[in-house]
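Here is the structure we will look at.
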There are 2 protein chains.
Amino acid sequence: MTIQKMRSKAPTVADVARAASVSKAQAARALGGYGAVSEEVQTRVNRAAASLGYRPNEVARTMNTGRSNTIGVIVGDIENPHFGLALRGMADVARQAGFHLLLGNSDEKGQAEQDAVRVMLEKRVDGIIVAPSHSSREKNGHLLQVLEEGRALRLFDRAVIDLDVEAICCDFTAVAREATQQLLEAGHERIAYITSMELEGEYREAADFGLTPVAQRVGGMMAAFAAAGRRYDTSLIQANAGSDAQIARIVETLWQRSAPPTALIASDSLVAMSLLRAVAQRGLRIPQDLSFIMYDNFPWSEIVAPPLTVVAQPVYEMGREAARRLIADIRGEPVGPLPAFGAELILRHSVAAPAP
Amino acid sequence: MTIQKMRSKAPTVADVARAASVSKAQAARALGGYGAVSEEVQTRVNRAAASLGYRPNEVARTMNTGRSNTIGVIVGDIENPHFGLALRGMADVARQAGFHLLLGNSDEKGQAEQDAVRVMLEKRVDGIIVAPSHSSREKNGHLLQVLEEGRALRLFDRAVIDLDVEAICCDFTAVAREATQQLLEAGHERIAYITSMELEGEYREAADFGLTPVAQRVGGMMAAFAAAGRRYDTSLIQANAGSDAQIARIVETLWQRSAPPTALIASDSLVAMSLLRAVAQRGLRIPQDLSFIMYDNFPWSEIVAPPLTVVAQPVYEMGREAARRLIADIRGEPVGPLPAFGAELILRHSVAAPAP
DNA sequence: GTGAAAGCGCTAACAA
DNA sequence: TTGTTAGCGCTTTCAC
């Protein structure tokens with residue numbers, strides 16, 4: 001272990017300046033790559049920095065530039081591969097642009113989300129991407145804060161009512177209608193939609209879900225029912241499917257009815273897996289006893305028995321686009337119009353006629 | 001929009017102090033919750049802070065405490081549910097302890113990993129958890145740096161040779177032996193192991209993989225072969241399975257042999273999915289034509305056709321423990337001994353006798 | 001092109 | 001308990 005390594009403190013610009021016999025300001029300019037520096041000084045400083053093992057202190061830099069080159073990302077649940085994939089897209093774009101990701105897990109809880117936003121603001125992130133857990137304007141004061149403090153903001157997967165912030169999401173209305181049509185044509189009438197979104201009380205009207213994908217998905221279902229001259233029974237919409245236990249309870253409730261559903265639609269792959277397990281435990285076979293559709297198209301859905309009919313979303317690309325746009329915003333660069341992200345119904349074998 | 005909101009700068013301790021008619025130091029103490037503050041001053045300061053909409057500047061705080069309450073996490077691929085789950089464990093523990101996560105994706109590339117470490121050090125994270133992409137000491141100078149700069153460090157999933165840093169991982173030797181035994185007993189002799197780990201050139205000896213799980217897994221296989229009085233053909237070990245394309249190539253190479261493997265072991269769920277697809281394309285059925293085992297036990301492996309025999313690892317709990325230990329280290333608190341994390345073979349139906 | 005000096009917003013001695 | 005005074009390591013005027 002050399003003497004250098006034993007230095008109690010890490011070398012600073014001042015140390016480098018001294019070693020290179022230039023002023024602190026000049027050394028800082030050379031090191032930071034700004035201002036005017038002669039070649040001669042530049043190399044002298046570089047050499048000195050290298051031999052001292054100098055490392056810039058990003059914190060100090062952030063302190064007086066006000067920019068941290070960090071963007072905060074708040075997702076509902078990192079464990080959900082949906083967000084894993086989105087995060088990968090964001091990380092890829094961010095890295096290339098020299099930005100870093102500060103992660104926040106909201107657990108789909110409004111309070112946790114607010115806390116995460118506050119902390120990120122305090123840490124002076126340059127911008128935030130959030131998958132909001134609530135869509136009503138009243139519950140999103142913290143997002144307004146972000147704007148008021150002059151930070152960039154983008155929403156992911158969901159929009160917020162009356163909040164003029166770009167939201168990167170798919171439009172599900174058409175695909176939901178298409179999926180429902182498939183089910184209707186196969187002869188289903190009781191189709192349950194299960195989502196992990198939080199909702200207090202029973203489902204009453206689409207507005208309860210605001211601008212969330214849920215609202216679109218339910219809207220699409222209703223449209224399909226209407227087109228078929230039927231009425232959709234909204235009591236089949238089940239929210240709060242956040243854990244295996246809650247999902248087990250939902251399934252139980254559903255099958256206590258005099259007329260249980262004959263088809264299930266899961267809002268994401270985690271909900272789907274849990275649901276699949278719960279219905280298997282009741283001895284229900286897919287698609288003979290129960291038809292099944294899930295949102296998100298992960299590779300495994302293709303090789304399960306039976307292969308699942310799914311709604312595919314370009315999640316990775318959406319993650320990239322969210323990061324791309326947020327960063328452009330931070331830099332004050334222009335961005336083109338937001339491309340439309342289409343969800344697509346992929347027919348496989350989990351939908352059949354209901355048992356007589 | 002009120003006048004307050006129009007202030008060009010955010011309120012600082014000084015502003016709050018002025019509004020509460022106390023000294024800057026006293027206001028800072030009240031706001032920061034340290035030192036001695038009378039109740040009266042405390043409430044006056046709180047009130048002033050609230051009315052000004054004051055927010056602490058964490059960056060400034062970090063600057064002179066040297067602590068950022070942030071820990072860096074570098075994983076091979078966030079998209080991999082294995083890391084998603086681990087990350088969830090880390091995030092849960094971190095949040096409860098008041099820490100935040102700075103994310104880094106190494107893409108299993110040494111260079112990207114080094115860059116991520118450098119940036120995190122510059123951002124003054126309090127500690128780093130990394131799933132190292134290489135296990136040789138020479139390729140891990142950047143990890144030594146972390147230690148030299150006095151930051152906490154923990155390794156996840158893999159260890160590094162001759163680097164005295166705690167590594168949170170499973171021991172796979174026994175379970176790999178057990179899995180291989182199953183295969184041997186079923187009559188298999190040519191068992192290929194496919195991993196996304198990087199390796200230049202062909203596999204030669206276990207040492208090439210250092211202390212990685214790969215080494216243990218291969219070691220266990222060899223032990224099983226040895227116990228059965230046979231010799232394992234190491235040319236069946238295939239690394240660099242980092243993408244669908246590479247995996248397709250590996251499968252092709254394997255099946256160009258005069259004697260293709262009769263069983264496949266996948267190092268993780270991503271590799272497994274890709275392999276499953278590639279072999280299906282060749283018309284190979286599992287388990288009639290080919291037996292299959294995968295590491296990691298995600299719920300879907302239970303409902304595919306056929307249900308997969310897997311090696312389960314307590315990934316979430318390992319993530320928690322890694323964060324717990326890193327944080328204890330940062331705080332200078334004592335931690336008990338590292339618990340042993342056991343991997344477990346779960347027999348399902350993807351292993352059968354090889355075709356005659 | 002270079003240097004001196006003044007902060008960024010906070011914490012930490014040290015006195016009072 | 002309170003206030004005063006230095007910094008933390010960097011960027012940024014503003015002169016020269």
Side-chain angles (χ1 to χ4, degrees), chain A residues 7-46 48-49 52-70 119 121-126 149-150, chain B residues 7-46 48-49 52-70 119 121-126 149-150:
Chain A
R7 292 170 58 115
S8 61
K9 316 239 40 129
T12 73
V13 214
D15 299 318
V16 175
R18 205 170 307 122
S21 350
V22 292
S23 74
K24 205 177 69 172
Q26 204 56 358
R29 285 193 262 255
L31 261 8
Y34 57 93
V37 180
S38 67
E39 265 194 36
E40 137 104 70
V41 167
Q42 181 71 55
T43 58
R44 247 182 26 234
V45 169
N46 286 156
L52 288 176
Y54 167 80
R55 289 202 187 250
N57 183 330
E58 272 298 331
V59 179
R61 196 167 276 172
T62 297
M63 176 112 175
N64 45 28
T65 59
R67 306 207 34 235
S68 59
N69 288 314
T70 302
V119 170
L121 251 18
E122 289 173 0
K123 283 199 192 296
R124 297 302 189 263
V125 296
D126 297 328
E149 304 210 355
Chain B
R7 291 169 59 112
S8 61
K9 316 234 43 123
T12 74
V13 213
D15 299 319
V16 175
R18 205 170 309 120
S21 350
V22 291
S23 73
K24 206 177 67 172
Q26 203 57 357
R29 286 192 263 255
L31 261 9
Y34 58 93
V37 181
S38 68
E39 265 193 35
E40 136 104 70
V41 167
Q42 181 72 54
T43 58
R44 244 179 32 230
V45 169
N46 286 156
L52 289 176
Y54 167 81
R55 289 205 188 249
N57 183 331
E58 272 297 331
V59 178
R61 196 169 274 171
T62 297
M63 176 110 177
N64 46 29
T65 57
R67 306 205 36 233
S68 59
N69 288 314
T70 302
V119 170
L121 250 19
E122 288 173 359
K123 282 197 192 294
R124 298 301 190 262
V125 296
D126 296 329
E149 304 209 356

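Letters A, B, ... mirror the listed sequences (proteins, then strands); counts begin at 1.
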So does [X] get a side-chain nitrogen or oxygen closer than 4.0 Å to the phosphate oxygens (OP1/OP2) of [N]?
X       : N      : value
B:Thr12 : C:dG9  : no
A:Arg61 : D:dT11 : yes
A:Tyr34 : D:dT12 : no
B:Thr65 : C:dA12 : no
B:Gln26 : D:dG3  : no

Answer yes or no: is there a donor N or O on one side and an acceptor on the other, between the side chain of [X] and the main chain of [Y], under 3.5 Å?
X        : Y        : answer
A:Arg55  : B:Glu122 : no
A:Lys123 : B:Ser68  : yes
A:Gln26  : A:Ala36  : yes

For [X] and [N], give me the distance from atom [atom1] to atom [atom2], rounded to whole Å.
X       : N      : atom1 : atom2 : value
A:Arg18 : D:dG9  : CZ    : P     : 12 Å
A:Leu52 : D:dG9  : CG    : C1'   : 15 Å
A:Gln42 : C:dT2  : CD    : P     : 10 Å
B:Asn69 : C:dT11 : CG    : P     : 12 Å

Fill in: Side-chain heavy atoms of B:Gln42 within contact of B:Asn46, under 4.5 Å
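Counting from C-beta outward, B:Gln42 and B:Asn46 do come under 4.5 Å.
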
Worksheet item: Are any of the side-chain heavy atoms of A:Asn57 and A:Thr12 separated by less than 4.5 Å?
Response: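 SC-SC contact between A:Asn57 and A:Thr12 ruled out.
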
Item to complete: Please evaluate the base of C:dG9 for a donor-acceptor partner in the side chain of B:Arg55 within a cut-off of under 3.5 Å?
Response: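 Side chain to base: no pair below 3.5 Å.
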
Worksheet item: Taking N and O atoms by type only, does the side chain of A:Arg29 place a donor or acceptor under 3.5 Å from a partner on the base of C:dG3?
Response: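 Side chain to base: pair present.
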
Discussion item. What's A:Val59 touching, base or sugar-phosphate or nothing? Going by heavy atoms closer than 4.0 Å.
Written reply: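 The residue A:Val59 makes no contact with any strand.
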
Worksheet item: From the list D:dT11, C:dA4, D:dT2, which nucleotide is the closest neighbour of the side chain of A:Ala25?
Response: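 Output: C:dA4.
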
Worksheet item: B:Lys24 or A:Leu31: which one's nearest nucleotide on DNA chain D is closer to the 5' end?
Response: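 Checking each residue's closest nucleotide, the 5'-ward one belongs to B:Lys24.
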
Practice prompt. Using the closest heavy atom to pick a nucleotide of DNA chain D for each, name whichever of A:Tyr54 or B:Asn64 lands nearer the 5' end.
Written response: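 Taking each residue's closest nucleotide, the earlier one in sequence belongs to B:Asn64.
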
Item to complete: Could you say whether A:Ala36 or A:Met63 is positioned toward the 5' end of DNA chain C, judged by the nucleotide with the nearest heavy atom to each?
Response: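 By nearest-heavy-atom nucleotide position, the 5'-most residue is A:Ala36.
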
